[in-house]
Amino acid sequence: MSSDDLEASLEQVISRFNLGEYEIAAYLAVLQHGEMTASEIAENTSIPQPRVYDTVRSLSDVGLVELKESRPMKVLAIDPREAFGDIQESLNSLVDDLSSRYVAPAREPEAVSLVKSRPTILRYLDDIIDAAEYELTLSLTPSLLDRFESKLAKRRDSGIATEILLSPSSKAPSPTEFDYASVATTVKGRRGITTPVVAVADGNYSMYATRESIQGESDRYGVIFNRSELGFLVSGFLNTVLWTTAEVIATDGMGLPFPRRYGTIRRCISDLTTLEGNFYATIEGRDVETGEHWVVQGEVAEVSFGPNREVATLVVETAEGPVDVGGQVAAYEDIEAYEIQIGRDEPPTA
């Protein structure tokens, strides 16, 4: 289709649907009654009597109703499948041609982005799920779990450690109805409808969205943190506020093989406190006082949580002595960890 033909087709489709408030009201009234007079249309709608004739003639001009010139004039409904049949074919052809000309824009977000439309929020949620290289933590509604089930199953099969929180838990399917092990290593449920939608990939690409924004309310929002140091706020909120106030629905007893990579120290410590044996760590981070880049390697000597999991500490025994490792924005420890690798027999290769 040439550019001129494409423009003409687009104008035709737009003009066909360019109905005003009165046209829409009259059309729906006639559609529901089958046949109406002008006075009946005025009685059943908010259209002023003097405007009814112009309104129904506009509908007749675009083929949505038929006018029967009688006394009084009658307006007859036309089967929508007939009325919209040609426009549906034109629309399908138009969409195909427009799609062939579509050039996808670059979607790289800023370090922090505020988004409001539901499709954009869902696109970022999809992108975060795709972007995870080793760790994915999500707070979803049951309907979002259903929407992304196949993608989550593929990420799980590729070895991504996935934790999912569902709310409201009352609407989450039971483990007998849903194969949670196919999509996540651990699934928890949280009561109520106040829980936001959250996604964190590898501890540094994250999203926070109000539940209302997912439902399409235009005055609500989502915030995207793309490789931003502020992303730890989302991760910390999810791990300390949401995750700790939820109940386990299902967990994969087999776990993931070692060595394992962690983007959040809390998930690392949660794993190590439930497992037996000796563990060795390779940790990349920075000195909390000087900002100097560090790579720490050695045997894990101690793991611990402070009250309410607000402080998480891992102690690594190195050749130079013990080193206290904390998560992002650590202050009490020696090192702020960016990435943690844990092995069984020796420190994993950095």
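Values below: all heavy atoms of this structure, side chains included; hydrogens, waters and symmetry mates excluded.
Pairing each heavy atom of Pro322 with each of Asp334, the nearest pair is O-OD2, 4.4 Å. Between Pro142 and Pro168 the shortest heavy-atom distance is CG-O, 4.0 Å. For the residue pair Asp287 and Glu289, the shortest heavy atom distance occurs at OD1-N, 2.7 Å. Residues Gln297 and Thr318 approach most closely at O-CG2, 3.4 Å, considering heavy atoms. Here the shortest heavy-atom pairing between Ser182 and Asp179 reads OG-O, 2.6 Å.
In terms of modelled atom types and a separation under 3.5 Å, the side chain of Thr282 and the main chain of Pro348 share a donor-acceptor contact. A donor-acceptor pair is defined here as one N or O able to donate and one able to accept, closer than 3.5 Å; no such pair exists between the side chain of Ser167 and the backbone of Ile193. Under the 3.5 Å distance criterion, the side-chain polar atoms of Arg155 are matched with a main-chain donor or acceptor of Asp130. In this structure a side-chain-to-backbone donor-acceptor pair under 3.5 Å is present from Glu40 to Thr37. Distance alone, capped at 3.5 Å, is enough to place a donor-acceptor pair between the Thr245 side chain and the Leu242 backbone. With hydrogens and angles disregarded, no donor-acceptor distance shorter than 3.5 Å links the side chain of Ser213 to the backbone of Ala209. Listed for the Asp202 side chain is no donor-acceptor partner under 3.5 Å among the backbone atoms of Gly263. Panel note: side chain Tyr180, backbone Pro173; a donor-acceptor pair is recorded below 3.5 Å.
Interatomic distance, Leu64 CG to Glu23 CD, rounded to the nearest 0.5 Å: 10.0 Å. Here the straight-line distance linking atom OG1 of Thr45 with atom CG of Leu28 works out to 10.5 Å at 0.5 Å rounding. Distance check: Phe237 CZ to Trp243 CH2 gives 14.0 Å after rounding to the nearest 0.5 Å. Note that OG of Ser139 and CD of Glu163 are 12.5 Å apart. Values are rounded to the nearest 0.5 Å. To the nearest 0.5 Å, the span separating CG on Leu67 from NZ on Lys74 amounts to 13.0 Å. To the nearest 0.5 Å, atom CD of residue Glu66 and atom CG of residue Leu59 are 13.0 Å apart.
For Arg344, the CZ atom sits in a packed shell: over 12 heavy atoms of surrounding residues, nucleotides or ligands are nearer than 6.0 Å. The number of heavy atoms from other shown groups lying within 6.0 Å of CD (Glu299) is above 12. In this structure, Asp345 places its CG atom where only 12 or fewer heavy-atom neighbours from other residues, nucleotides or ligands lie under 6.0 Å away. Within a 6.0 Å radius of CD in Glu69, more than 12 heavy atoms belonging to other residues, nucleotides or ligands are found.
Residues Leu152 and Ile164 meet the side-chain proximity criterion, which asks for heavy atoms closer than 4.5 Å. Here the side chains of Leu165 and Leu140 are not in contact, with every heavy-atom distance at 4.5 Å or above. Side-chain contact check for Met207 versus Ile121: some heavy-atom pair is nearer than 4.5 Å. When side chains are defined from C-beta on, Ile342 counts as touching Ile340, because their heavy atoms get closer than 4.5 Å. In this structure, Leu122 and Arg147 have side chains that are in contact, with non-hydrogen atoms separated by less than 4.5 Å. A heavy-atom distance below 4.5 Å is not found between the side chains of Leu314 and Glu302. Lys188 is not listed as a side-chain neighbour of Ile249, based on a closest heavy-atom distance of 4.5 Å or more. Between Thr210 and Pro196, every side-chain heavy-atom pair lies at or beyond the 4.5 Å cut-off.
For the pair Arg267 and Tyr262, the cation-pi criterion (under 6.0 Å, within 45° of the ring axis) is not fulfilled.
Residues Phe258 and Phe279 place their aromatic rings such that the two centres sit under 6.0 Å apart.
Side chains of Tyr124 and Asn226: no donor on one and acceptor on the other come within 3.5 Å. Of the N and O atoms on the side chains of Tyr338 and Arg286, at least one donor lies less than 3.5 Å from an acceptor on the other residue.
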*Does the side chain to side chain contact (heavy atoms under 4.5 Å, CB included) test come out yes or no for His33 and Ile41, once each step is laid out?*
CA-CA 10 Å; His33 288 81; Ile41 291 174; over 6 Å; no

_Quick one, Arg190 with Thr195, criterion side chain to side chain donor-acceptor pair (under 3.5 Å). Give me CA distance, side-chain angles, the key distance, then yes/no._
CA-CA 8 Å; Arg190 192 169 189 264; Thr195 308; 2.7 Å; yes

_Test side chain to side chain contact (heavy atoms under 4.5 Å, CB included) applied to Asp126 and Ile128, step by step_ = CA-CA 6 Å; Asp126 182 86; Ile128 290 172; over 6 Å; no

*Under the side chain to side chain contact (heavy atoms under 4.5 Å, CB included) rule, what do Val323 and Trp294 come out as? Steps first, then yes or no, please.*
CA-CA 11 Å; Val323 176; Trp294 274 41; 4.3 Å; yes

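Follow the hydrophobic side-chain contacts under 4.5 Å out from Ile265 and you reach Leu275 in the same cluster. Linking Ile, Leu, Val, Met, Phe, Trp and Tyr residues whenever their side-chain heavy atoms come within less than 4.5 Å leaves Tyr280 and Val316 in two separate clusters. Linking Ile, Leu, Val, Met, Phe, Trp and Tyr whenever their side-chain heavy atoms come within less than 4.5 Å leaves Val288 and Val325 in two separate clusters. Note on Ile78 and Tyr27: separate hydrophobic clusters, where clusters join Ile, Leu, Val, Met, Phe, Trp and Tyr whose side-chain heavy atoms are under 4.5 Å apart, directly or indirectly. Residues Val52 and Leu31 fall within the same hydrophobic cluster, defined by Ile, Leu, Val, Met, Phe, Trp and Tyr side chains chained together at heavy-atom separations under 4.5 Å.
Of the charged side-chain nitrogens involved, none lies within less than 4.0 Å of a carboxylate oxygen, so that Glu177 and Lys171 do not count as a salt-bridged pair. Glu135 and Arg261 are not joined by a salt bridge, as no carboxylate oxygen comes within less than 4.0 angstrom of a charged side-chain nitrogen.
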